[in-house]
Amino acid sequence: MASSTSMLLFVPFLLISSVMVASAGNFNQDFQVTWGDGRANILNDGQLLTLSLDKTSGSGFESKNEYLFGKIDMQLKLVAGNSAGTVTAYYLKSEGSTWDEIDFEFLGNLSGNPYTLHTNVFSQGKGNREQQFHLWFDPTADFHTYSILWNPQRIVFSVDGTPIREFKNQESNGVPFPKSQPMRIHSSLWNADDWATMGGRVKTDWNTAPFTASYRNFNAEACIWASGSSSCGSSSAPASTNGDWLSQELDSASYEKLSWVQKNYMIYNYCTDVNRFPQGLPVECSTS
Ligand SMILES: *[C@@H]1O[C@H](CO)[C@@H](O)[C@H](O)[C@H]1NC(C)=O
């Protein structure tokens with residue numbers, strides 16, 4: 001494998017020479033089932049993927065490709081009804097003991113009670129950067145788009161195009177940023193009733209199993225990592241738009257939406273949890 005440093009030097013060049021790397025997002029082409037013994041299924045000619053969970057097992061899938069930066073959209077429809085105890089995780093992750101990771105996790109709840117959308121960013125094996133949200137809609141009633149923009153300057157989590165969290169590159173303040181380890185997309189549905197819902201007090205009700213989450217409309221404009229180098233392109237956008245996302249920032253309208261979400265829907269922010277960090281809040285909290 002080429003070193004990560006040479007990869008980074010390569011990025012500006014990719015902006016100019018980017019190539020189309022895949023056709024329209026298709027689960028058969030872009031993903032593989034990793035576990036669940038028949039509980040994960042790709043349907044409708046690759047247009048739909050479902051995960052299920054019962055008392056015996058959950059299930060999961062991952063992308064065939066590894067990506068080093070990307071703008072990745074996926075539509076999810078979460079476990080409906082009494083989903084307490086279940087967790088649907090959708091995340092990017094690299095390999096090894098000093099891995100990078102960008103997480104969406106959906107913590108189920110009793111019928112009529114809100115899901116919790118849990119987010120985290122790991123760089124070089126260190127996470128502890130949780131922010132949690134409730135949503136402004138019922139995520140089980142229909143599909144909604146959950147997006148990760150990951151470029152060398154920032155990571156932005158968005159829901160239906162509304163940014164909910166930005167994690168900026170703060171290497172200049174000594175905070176490691178995920179930028180040199182390619183990551184794969186992973187997703188799984190599993191039982192986490194020891195902690196997921198109301199701190200583990202509400203358990204999974206197996207009478208309503210199997211639980212099912214559905215996925216569709218995967219789209220990635222991304223740099224695909226292969227044999228130590230990478231090519232950037234889009235699975236559906238015209239080639240002329242390739243690369244815009246690699247330097248994308250949030251404009252003022254996006255920051256307004258972000259603060260609307262953080263003000264009204266954020267239920268936990270590690271950056272304000274002074275009891276958890278008696279030695280002082282993490283560096284990125286004071287400068288972002
Ligand atoms: C479940 O519902 C309760 C009550 O509305 C809420 O406080 C909690 O954040 C919800 N989510 C989880 C995962 O417990």
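Heavy atoms only: backbone and side chains are in, while hydrogens, waters and symmetry mates are out. Positions are given from 1 along the sequence. One-based numbering, in listed order, for ligands and for the atoms of each.
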Below 30° counts as parallel, above 60° as perpendicular, anything between as tilted: where do the rings of Tyr91 and His186 land?
parallel

Please work out whether the ring planes of Phe167 and Phe177 are parallel, tilted or perpendicular, with thresholds of 30° and 60°.
parallel

Trp136/Tyr265 aromatic ring centres below 6.0 Å
yes

Assess the residue pair Tyr90 and Phe106 against the criterion (ring pair (Phe, Tyr, Trp, His ring centres under 6.0 Å)); give the C-alpha distance rounded to whole Å, side-chain angles, the decisive distance to 0.1 Å, and a yes or no.
CA-CA 8 Å; Tyr90 172 68; Phe106 301 90; 7.8 Å; no

Could you name the protein residues that come within less than 4.0 Å of ligand 1, counting only heavy atoms, and order them by chain and residue number?
Leu107, Gly108, Asn109, Asn113, Pro114, Thr116, His134, Ala196, Thr197, Met198

So the salt bridge (charged side-chain N to carboxylate O under 4.0 Å, His left out) pairs with at least one residue in residues 267-282 (sequence neighbours excluded) are Glu130-Arg276

Is any NZ, NE, NH1 or NH2 atom of the basic residue among Asp54 and Arg39 found under 4.0 Å from an Asp or Glu carboxylate oxygen of the other?
yes

